[in-house]
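These notes concern the structure reproduced below.
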2 protein chains.
Amino acid sequence: MAPVKPKKQIDENLVKEKETAFAEFIQRKGLKTTRQRNTIIATFFRLQGHISVEELLNEVKKANPRIGYATVYRTLHLLVESGLVEERRFGDGLARYEGHSDVEHHDHMICLDCGEIFEFYNPRLEALQEKLAEENDFQIYRHRLELYGACKDKEACSHRKRKKVEQAAG
Amino acid sequence: MAPVKPKKQIDENLVKEKETAFAEFIQRKGLKTTRQRNTIIATFFRLQGHISVEELLNEVKKANPRIGYATVYRTLHLLVESGLVEERRFGDGLARYEGHSDVEHHDHMICLDCGEIFEFYNPRLEALQEKLAEENDFQIYRHRLELYGACKDKEACSHRKRKKVEQAAG
DNA sequence: GTGGAATACGAAAACAGTTTTCAAAATCGG
DNA sequence: CCGATTTTGAAAACTGTTTTCGTATTCCAC
């Protein structure tokens with residue numbers, strides 16, 4: 001059993017599906033298809049993990065340097081509204097966006113040392129939450145569980161950390 | 001069994017203890033005791049629940065209208081540093097502060113309708129998290145679990161909501 | 001008590017992340 | 001391709017929070 005999901009290859013078909021789904025959403029809402037929006041969502045869905053606005057903007061600018069913050073923010077809001085993307089906040093003050101998985105809901109473990117964000121899912125945990133809510137006459141719409149701590153595999157951890165520093169510098 | 005804690009009366013002795021503990025902290029750090037800090041912590045510990053900076057400032061101003069944001073922020077940071085208070089963020093963009101309970105750690109249920117924040121604690125939930133972390137070679141320092149949803153007791157819920165609107169208006 | 005170094009204060013400016021404004025540009029149904 | 005409507009990018013505004021700066025306060029040594 002491996003509850004932490006391995007990084008997966010980008011599935012081009014899945015990306016195309018999502019682009020189509022977004023296009024349909026746009027049409028349904030009577031909005032317009034634009035070059036910028038297409039660039040942004042194409043970029044977003046080809047990135048993995050928990051993307052901050054800045055990270056996304058940086059990538060987007062490689063394709064079209066004239067795209068600015070505002071459009072990225074606006075497009076991300078649309079993506080969230082469309083249900084294709086979820087917004088998360090891990091307490092460092094910035095919003096992060098995550099392609100709404102086709103697979104089940106998941107929670108997060110965040111290493112405070114290397115900054116890695118692991119995903120996990122456990123049905124017993126979900127069931128227990130439901131039970132507790134039930135007992136308190138409360139109906140859960142959504143929940144958030146985050147475990148903050150440290151990787152025990154110190155080697156892998158410091159390797160990730162080093163890589164991150166390099167990225168920030170370069 | 002009633003996992004949701006009832007609102008408790010203010011225990012003046014406990015408040016005094018905390019004030020003393022903070023005074024000791026201040027001394028230990030070589031900082032100074034000031035009228036403003038005393039007012040702020042006295043006010044804070046007599047409020048219950050998850051206090052935002054603005055809520056606290058409003059209350060503080062009743063005792064001393066000349067106290068400003070900066071001092072409240074600074075004092076809250078000291079309170080957090082002292083370990084007497086915990087900072088929480090529930091995703092509405094503002095920090096909330098909570099007197100560090102003498103009782104066990106707890107999690108939160110947040111009603112998206114009336115805004116009430118319920119506390120709960122369940123040892124099985126804690127144990128399960130530990131187990132999952134173990135399985136993933138991860139060490140938990142702290143965690144956060146928030147259930148967002150709605151009270152099923154609609155009457156109590158809308159009553160709270162009404163009260164909140166009145167408060168905001170008056 | 002008083003002097004004086006250290007700290008704290010309050011107001012306002014700075015700040016970071018995000019949202020809004022506005023005039024110009026792009027979209028798209030007719 | 002017209003024209004109503006939407007979108008864009010740059011810049012300004014906004015929000016919650018932090019920092020700055022000159023003045024005031026604390027408090028230890030005397």
Side-chain angles (χ1 to χ4, degrees), chain A residues 22-44 50-82 85-97 168, chain B residues 22-44 50-82 85-97 168:
Chain A
F22 186 67
E24 277 166 12
F25 168 80
I26 289 293
Q27 210 140 337
R28 205 172 335 119
K29 298 246 332 171
L31 304 178
K32 290 174 179 171
T33 308
T34 68
R35 224 183 308 80
Q36 291 90 328
R37 293 222 260 244
N38 288 342
T39 302
I40 293 167
I41 69 154
T43 306
F44 179 82
H50 306 77
I51 313 297
S52 69
V53 174
E54 209 191 338
E55 282 165 359
L56 180 54
L57 181 63
N58 283 342
E59 282 305 309
V60 163
K61 276 193 185 284
K62 291 180 187 170
N64 178 353
R66 314 209 42 236
I67 294 177
Y69 283 102
T71 305
V72 171
Y73 273 107
R74 286 187 279 230
T75 305
L76 280 169
H77 289 323
L78 288 172
L79 280 167
V80 170
E81 203 189 329
S82 78
V85 163
E86 280 185 8
E87 180 179 313
R88 304 200 178 270
R89 284 167 188 277
F90 295 114
D92 60 353
L94 38 152
R96 288 171 183 282
Y97 296 85
Chain B
F22 185 67
E24 277 165 13
F25 168 79
I26 288 292
Q27 211 140 336
R28 206 173 333 119
K29 298 250 327 174
L31 305 177
K32 292 174 179 172
T33 308
T34 69
R35 224 181 310 82
Q36 292 90 331
R37 293 221 259 245
N38 287 341
T39 303
I40 293 166
I41 69 155
T43 307
F44 178 83
H50 305 77
I51 313 297
S52 69
V53 174
E54 207 189 340
E55 282 164 359
L56 180 54
L57 181 63
N58 283 343
E59 282 304 309
V60 163
K61 276 193 184 286
K62 291 179 187 170
N64 178 352
R66 315 209 40 236
I67 293 177
Y69 283 102
T71 305
V72 170
Y73 273 107
R74 285 188 279 231
T75 305
L76 280 169
H77 289 323
L78 288 172
L79 280 166
V80 170
E81 203 189 330
S82 77
V85 163
E86 279 185 7
E87 181 180 314
R88 304 202 179 268
R89 286 167 185 276
F90 295 113
D92 60 353
L94 39 152
R96 289 172 182 281
Y97 296 84

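Proteins come first, then strands; the chains are lettered A, B, ... in the order of their sequence lines, and each starts at number 1.
With a 4.5 Å cut-off on side-chain heavy atoms, L94(A) and V53(A) do not count as touching. L79(B) has its side chain out of reach of Y97(B): every pair of non-hydrogen atoms, C-beta onward, lies at least 4.5 Å apart.
Enclosure of atom CZ in F90(B) by more than 12 non-hydrogen atoms of other residues, nucleotides or ligands within 6.0 angstrom is indicated. For CD of E54(B), the number of neighbouring non-hydrogen atoms (other residues, nucleotides, ligands) closer than 6.0 Å is 12 at most. With a 6.0 Å radius and a threshold of 12 heavy atoms from other residues, nucleotides or ligands, Q27(A) has its CD atom at or below the threshold.
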task = Kindly determine whether L78(A) and L31(A) satisfy side chain to side chain contact (heavy atoms under 4.5 Å, CB included), including the steps that lead there.
result = CA-CA 10 Å; L78(A) 288 172; L31(A) 304 178; 3.9 Å; yes
Criterion side chain to side chain contact (heavy atoms under 4.5 Å, CB included) on V60(B) and N64(B), from CA distance to verdict = CA-CA 6 Å; V60(B) 163; N64(B) 178 352; 5.5 Å; no
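Taking atom CD1 of residue I26(B) and atom P of nucleotide dA8(C), one finds them 7 Å apart after rounding to whole Å. Going from atom CG of L56(A) over to atom C1' of dG17(C) covers 15 Å, rounded to whole Å.
Residues from residues 63-81 of chain A lying near DNA chain D, meaning a heavy-atom separation below 4.0 Å, are R66(A), I67(A), G68(A), A70(A), T71(A), R74(A) in numerical order.
With a cutoff of under 4.0 Å to any heavy atom of chain A, the contacted region of DNA chain D is bounded 5' to 3' by dT5(D) to dA10(D).
Ring pair H77(A)/Y73(A) is tilted by interplanar angle, where 30° to 60° counts as tilted.
Of all non-hydrogen atoms in T39(A) and A63(A), the two that sit nearest each other are CG2-CB, 3.7 Å.
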What protein N or O atoms touch nucleotides 26-28 of chain C N or O atoms at under 3.5 angstrom, if any, and at what distances?
from, atom 1, to, atom 2, distance (Å)
dT27(C), O3', T33(A), O, 3.4
dT27(C), O2, K32(A), NZ, 2.7
dC28(C), OP1, T33(A), N, 3.1
dC28(C), OP1, T33(A), OG1, 3.4

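Between the CD1 atom of I67(B) and the CD atom of E59(B) there is a distance of 12.5 Å, given to the nearest 0.5 Å.
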